[in-house]
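For reference, the structure discussed in these notes is given below.
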Amino acid sequence: MMTLPANIQKFEIILGSGSPRRKFLISELGWDFKVIVKDVEENFDPSLKREEIPLYLATLKANAFKQDLKENTLVITADTVVWINDKVLNKPASFEEATTMLRMLSGNTHEVITGVCLLTKHQQKCFHVVTTVKFKKLSDDEIEYYITNHKPYDKAGAYGAQEWIGYVGVERIEGSYFNVMGLPVKELYEEVERL
């Protein structure tokens with residue numbers, strides 16, 4: 001029977017994220033893991049820019065596990081932001097905020113940046129992946145339809161590329177598509193193999 005690389009099998013993997021998309025993507029790698037979410041205030045210094053933000057937040061989430069690490073535990077945490085015009089778009093708090101974000105993305109190119117942190121008892125390793133996404137010009141009706149029907153309040157930049165808005169609105173993606181979903185799985189797999 002074929003098995004996964006030995007380096008991955010040696011870990012008891014914890015995904016420190018409540019994101020259903022991250023859970024789905026890691027399960028598609030064939031890894032055994034459990035989900036444990038620690039309550040962390042996701043605040044960051046406004047002077048942080050671009051990849052500094054998700055790297056800081058992913059590290060913050062990982063550090064919440066430092067007390068309870070066993071010898072063979074691997075904790076994976078991540079944070080994704082949308083970066084456009086030198087400004088970060090996090091998760092929208094309201095219909096109005098989601099509308100503002102999607103209008104900003106409409107007809108423009110933005111970056112989706114995910115910071116990932118790997119934590120074991122003896123080391124901490126963080127990395128980030130950037131994907132460039134170009135949206136067509138979205139009509140107000142399209143924006144309203146998407147927000148009303150898909151309620152993207154748990155998504156950075158108020159959209160999920162794997163949902164309706166991605167099907168009709170995304171013109172071009174340069175880089176990892178899965179990174180836009182919230183986890184750069186190829187890069188994650190390679191980094192875990194190297195631990």
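Since we're looking at a predicted model, the values are computed, not measured.
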Would you call [X] and [Y] a salt bridge, using N to O less than 4.0 angstrom?
X: Asp68; Y: Lys38; value: yes
X: Lys155; Y: Glu163; value: yes
X: Lys136; Y: Glu171; value: no
X: Glu52; Y: Lys49; value: no

Quick note, side chain to side chain donor-acceptor pair (under 3.5 Å) partners involving residues 75-87, not counting sequence neighbours, are Arg22-Thr80, Lys61-Asp79, Thr80-Thr114
Would you say [Y] ends up clustered with [X] if hydrophobic residues are merged whenever their side chains have heavy atoms under 4.5 Å apart, either directly or through other cluster members?
X: Val130; Y: Leu183; value: no
X: Tyr153; Y: Ile165; value: yes
X: Leu55; Y: Ile113; value: no
X: Leu102; Y: Leu89; value: yes
X: Phe95; Y: Met104; value: yes

What's the verdict on salt bridge (charged side-chain N to carboxylate O under 4.0 Å, His left out) for Glu111 and Arg50, showing C-alpha distance, side-chain angles and the deciding distance? CA-CA 9 Å; Glu111 292 178 318; Arg50 210 168 164 266; 2.8 Å; yes
*Assert yes or no for the condition that the ring centre distance of Phe11 to Trp31 is strictly below 6.0 Å.*
no
Smallest heavy-atom separation, Pro54 atom then Gly115 atom, equals CB-N, 3.4 Å
Asp45 vs Ser47, side-chain hydrogen bond (donor to acceptor under 3.5 Å, both in side chains): CA-CA, chis, key distance, verdict: CA-CA 5 Å; Asp45 189 313; Ser47 68; 2.8 Å; yes
Could you tell me if the side chain of Leu57 sits less than 4.5 Å from the side chain of Phe44, heavy atoms only? yes
Asn63 and Gln124, any side-chain heavy atoms less than 4.5 Å apart: yes
Fit a plane to each ring of Tyr159 and Phe135, take the angle between them on a 0 to 90° scale, and name the class: parallel (under 30°), tilted (30 to 60°) or perpendicular (over 60°). perpendicular
Open item on the list: Using a 6.0 Å cut-off, check whether atom NZ of Lys23 has over 12 heavy atoms from anything other than its own residue.
Closed with: no
Separation between NZ (Lys134) and CD1 (Ile173), nearest 0.5 Å, reads 13.0 Å
When Thr120, Leu119, Ile14 are each screened for side-chain contact (heavy atoms from CB on, under 4.5 Å) with Leu69, the one that passes is Leu119
Which of Asn108, Asn179, Val82, Val112 passes side-chain contact (heavy atoms from CB on, under 4.5 Å) with Val133? Answer is Val112
- Please confirm whether Lys186 makes a cation-pi placement over Phe178, using NZ or CZ under 6.0 Å from the six-membered ring centre and within 45° of the ring normal. no
